[in-house]
Each structure stands twice: as structure tokens, then as C-alpha cells.
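Numbered from 1 within each chain, the chains take letters A, B, ... in sequence-line order. All of these numbers come straight from a predicted model, not from anything done at the bench.
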There are 2 protein chains.
Amino acid sequence: MVAAILEAAARILETEGLDGLTTNTVANRAGVSVGSLYQYFPGRSAILAELTRRERANLATRIQAVSADARNQSLETALRRLIDAAIGHQLDRPALARALDYIEPSLALDDEAVLLAETIVSTVANLLRKHGVTKPTEAARDLVAMAKGMVDAAGLAGETNSKALATRVSRAVLGYLYN
Amino acid sequence: MVAAILEAAARILETEGLDGLTTNTVANRAGVSVGSLYQYFPGRSAILAELTRRERANLATRIQAVSADARNQSLETALRRLIDAAIGHQLDRPALARALDYIEPSLALDDEAVLLAETIVSTVANLLRKHGVTKPTEAARDLVAMAKGMVDAAGLAGETNSKALATRVSRAVLGYLYN
DNA sequence: GTCTATACGCGGATAGAC
DNA sequence: GTCTATCCGCGTATAGAC
């Protein structure tokens with residue numbers, strides 16, 4: 001039930017945008033009544049917060065799996081794997097990812113969700129540190145930001161060729177690191 | 001009067017976000033009544049559209065001025081100037097720029113506003129083409145996207161050191177081009 | 001031209017039936 | 001536990017006074 005509501009909310013975010021997401025539309029789309037919805041969520045923003053938490057957890061899991069897996073790889077290879085994971089995540093549901101990215105800062109996320117959001121940057125930072133990159137935290141933030149920008153734009157433009165996109169993001173990332 | 005309304009809308013977008021922007025709040029902040037507001041704008045979204053158009057025009061003007069000025073500079077210098085201009089624009093009102101970036105795709109912009117938005121990418125593309133960069137349009141889109149991502153994140157994080165930021169963006173941009 | 005007052009609809013949220 | 005019905009407040013938009 002919770003899953004049905006969240007999935008309905010996600011679909012509405014994708015098709016109608018933030019404005020179109022109301023307790024009524026979510027309930028309708030989920031095939032339940034508003035009353036039932038309020039038994040599982042205290043309100044509209046709680047739905048958004050939980051949806052964000054789930055998506056972040058999703059991405060964090062991917063990132064960590066790849067990162068653990070790439071422990072003995074070169075920095076280039078490890079980064080490429082991370083980029084692939086991030087692109088896979090974002091191009092899976094580009095409009096959703098974009099909407100959540102935007103509202104995240106204005107959301108009152110619980111500690112867990114905040115931690116998850118930071119996981120991504122700190123995973124990258126750790127990787128960079130291990131390979132002797134200077135200012136790993138700053139670099140990680142920059143790399144994540146630029147990758148996000150590129151992937152986000154690609155998603156908006158309807159680009160679907162993940163591999164070509166990954167190659168270009170890699171170029172930008174490696175170029176940043178080696179200049 | 002129109003200017004007062006738009007400035008009020010901009011301030012509300014910055015402080016309250018998209019949800020907080022209503023015809024009432026805008027009118028109040030502008031020091032006029034709702035009735036007067038409707039004499040100048042047919043509705044809420046018209047305000048957003050016009051605000052977007054103005055901001056885009058603002059940035060496009062900066063970009064073109066710099067671009068014309070840098071006609072005989074090296075590619076590196078020209079790009080750095082463009083980056084400085086873009087950062088100057090975005091860090092001037094980071095929350096506003098971020099909000100408009102997000103809503104722009106869902107806005108029914110008139111032809112002029114669309115053209116202005118494209119001006120930025122095509123200015124960069126022309127510059128790249130002149131210097132023999134392959135796939136200039138694709139590269140321009142990527143460069144703008146990654147710069148936007150970095151500057152946007154910086155603005156969110158409250159970073160105010162434009163010069164340091166510009167240096168990092170330059171690194172990313174040049175790294176992308178020369179790899 | 002600008003205001004106040006108001007009609008109208010919609011979304012959030014709850015009460016109470018089943 | 002889920003539903004329907006309903007209350008309340010707010011935002012859009014307009015009508016009409018000044």
C-alpha cells in the first residue's frame with residue numbers, strides 16, 4: 001500500500017510536475033481514497049520526503065555496491081563505474097530524478113535521508129582520497145555537481161544513449177582531475 | 001509597476017520558493033492590490049514567464065557582450081570570460097536562478113524567451129566552432145550543463161568566492177575539451 | 001487606474017459510516 | 001481499514017466602487 005502510494009506520487013511528479021501532486025491525485029492514481037492515504041502518511045510533504053528517501057537509498061546502494069566492487073581498480077575505472085551507476089539511476093526516471101533534486105533542499109528530511117544524500121559525495125571523496133587526489137571533498141562535490149548537471153540536461157533533452165553520455169561525463173571528470 | 005511586480009515575484013521565489021508565490025503574495029510584496037496586478041499580468045504563470053524572459057535576456061546580454069569582446073582572444077581566455085559572466089549572473093541571485101532553471105521547461109515561454117535560452121548555448125557553440133572543436137553543438141551543451149551544475153551547487157552551498165569557483169569550472173571545461 | 005469585496009473552485013485534512 | 005462526505009482555508013480571478 002505504501003509502495004502503491006509512492007509509485008503513484010512518482011508517476012504524477014513525472015507527468016504533471018510538483019503542482020499536480022496533491023493528496024487527491026495521488027490517492028486516485030494509487031487506486032485508494034484520501035482517507036486511506038492519510039492512514040499511511042501524515043500529509044502531502046511526508047509523501048515527498050519518503051519518496052526522496054527511497055530514491056536516495058536506491059542510488060546510494062548502487063553507488064556503494066560499485067564502489068566496494070571497484071576497490072582494486074584504477075581511479076579511472078572506478079570513476080567510470082560510478083558514472084555508469086549514476087547515469088543508470090538518473091536516466092531510469094529522468095523527470096522524477098530532476099523533480100526530487102529540485103525539491104530536496106526545501107524538504108524537511110529526516111536524518112537518515114540526509115545521510116543518504118551525503119553518502120554519494122563521501123563515497124566519491126573516499127575514492128579520490130585513496131588515490132591521492134588533493135582536496136578530495138571539494139573535488140567530489142564538484143564532480144558530482146558537474147555530472148549531475150550533464151546527466152540532468154541529457155535526461156531533459158530525452159537523450160537515451162547512456163554509453164555515449166557516460167563517455168562524455170568521464171571526459172569531463174577526468175579532465176577536471178588531471179588539470 | 002511591471003518592474004515592481006516582477007521584483008516582488010523574484011524576492012518571493014528566493015525566500016518562499018515556488019509554492020509561496022501566489023498572486024496575493026506578489027501583490028502584497030509589490031505594494032499593490034491583486035486587482036492592479038491583473039491589469040498587467042493575465043495570471044500567475046504569466047508573471048513567471050515574464051520573469052524568466054527578463055532573467056534570460058539579462059544573461060544573454062552579458063554573454064554576448066563578453067563574446068563579442070573576446071573575439072580575438074584564445075579559446076581559454078574567451079571561455080574563462082564566459083564562465084565569469086555566467087557565475088556573476090548566477091551568484092548574483094542563486095536561489096532565483098535555481099528556481100527559474102527548474103520551472104523553465106514546464107513554462108509556456110513565448111518565442112522570444114525560447115530564443116534567448118538558446119542564445120547561450122549557441123554563443124558557446126560558435127566560439128568552439130571557430131576554434132576547431134569537433135561537435136561544437138554537443139560540446140557546448142555539455143559545457144553549459146556541467147558549468148550550470150557546478151555553479152548551481154555552489155550557490156546552494158552558499159559559496160561566494162566567485163574566483164575560486166571560476167577556476168574550478170574552467171578546469172572542468174578545459175579538461176573536457178582537451179581529453 | 002487602483003482599490004476592496006467577493007464568488008468560485010480546489011486542495012488539505014478529518015469525522016464518521018460501513 | 002477503507003470508504004464517503006464534509007469542513008475549512010487559500011488562491012485565482014472578477015466585479016464594481018472610488
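A straight line from OH of B:Tyr38 to P of D:dA15 spans 13 Å, rounded to a whole angstrom. Spacing between atom CG of B:Leu21 and atom P of D:dC10 amounts to 17 Å, rounded to whole angstrom units. The distance from atom CG of B:Asn24 to atom P of D:dT14 is 14 Å, rounded to the nearest whole Å. Between the CD atom of B:Gln39 and the P atom of D:dA13 there is a distance of 15 Å, rounded to whole Å.
Backbone-only contact: A:Tyr40 has heavy atoms under 4.0 Å from sugar-phosphate atoms and none from a base. If you check every strand for non-hydrogen atoms under 4.0 Å, B:Thr22 touches sugar and phosphate atoms only.
The environment of A:Asn72 atom CG is sparse: at most 12 non-hydrogen atoms of other residues, nucleotides or ligands sit within 6.0 angstrom. Heavy-atom neighbours of A:Arg56 CZ from other residues, nucleotides or ligands within 6.0 Å: above the threshold of 12. Open room surrounds NZ on A:Lys135; 12 or fewer heavy atoms of other groups in view lie less than 6.0 Å from it.
A single hydrophobic cluster is seen to contain both B:Tyr178 and B:Leu79, as judged by linkage of ILVMFWY side chains at heavy-atom distances under 4.5 Å, directly or through other members. B:Met1 and B:Ile47 fall within the same hydrophobic cluster, where Ile, Leu, Val, Met, Phe, Trp and Tyr residues are linked whenever their side-chain heavy atoms come under 4.5 Å apart, directly or through other members.
The nucleotide range of DNA chain C contacted by chain A, defined by atoms under 4.0 angstrom from heavy atoms of the protein and reported 5' to 3', is C:dG11 to C:dT14.
The closest side-chain heavy-atom distance from B:Leu37 to B:Asn24 is not below 4.5 Å.
Taking the charged nitrogens against the carboxylate oxygens, B:Glu7 and B:Arg11 do have a contact shorter than 4.0 Å, which makes a salt bridge. Ion pairing between B:Arg53 and B:Glu50 holds under the 4.0 Å rule for side-chain N and carboxylate O.
For DNA chain D, if you chain together Watson-Crick or G-U pairs that step i with j, i+1 with j-1 and so on, the runs of at least three with distances under 3.5 Å are C:1-18 with D:1-18.
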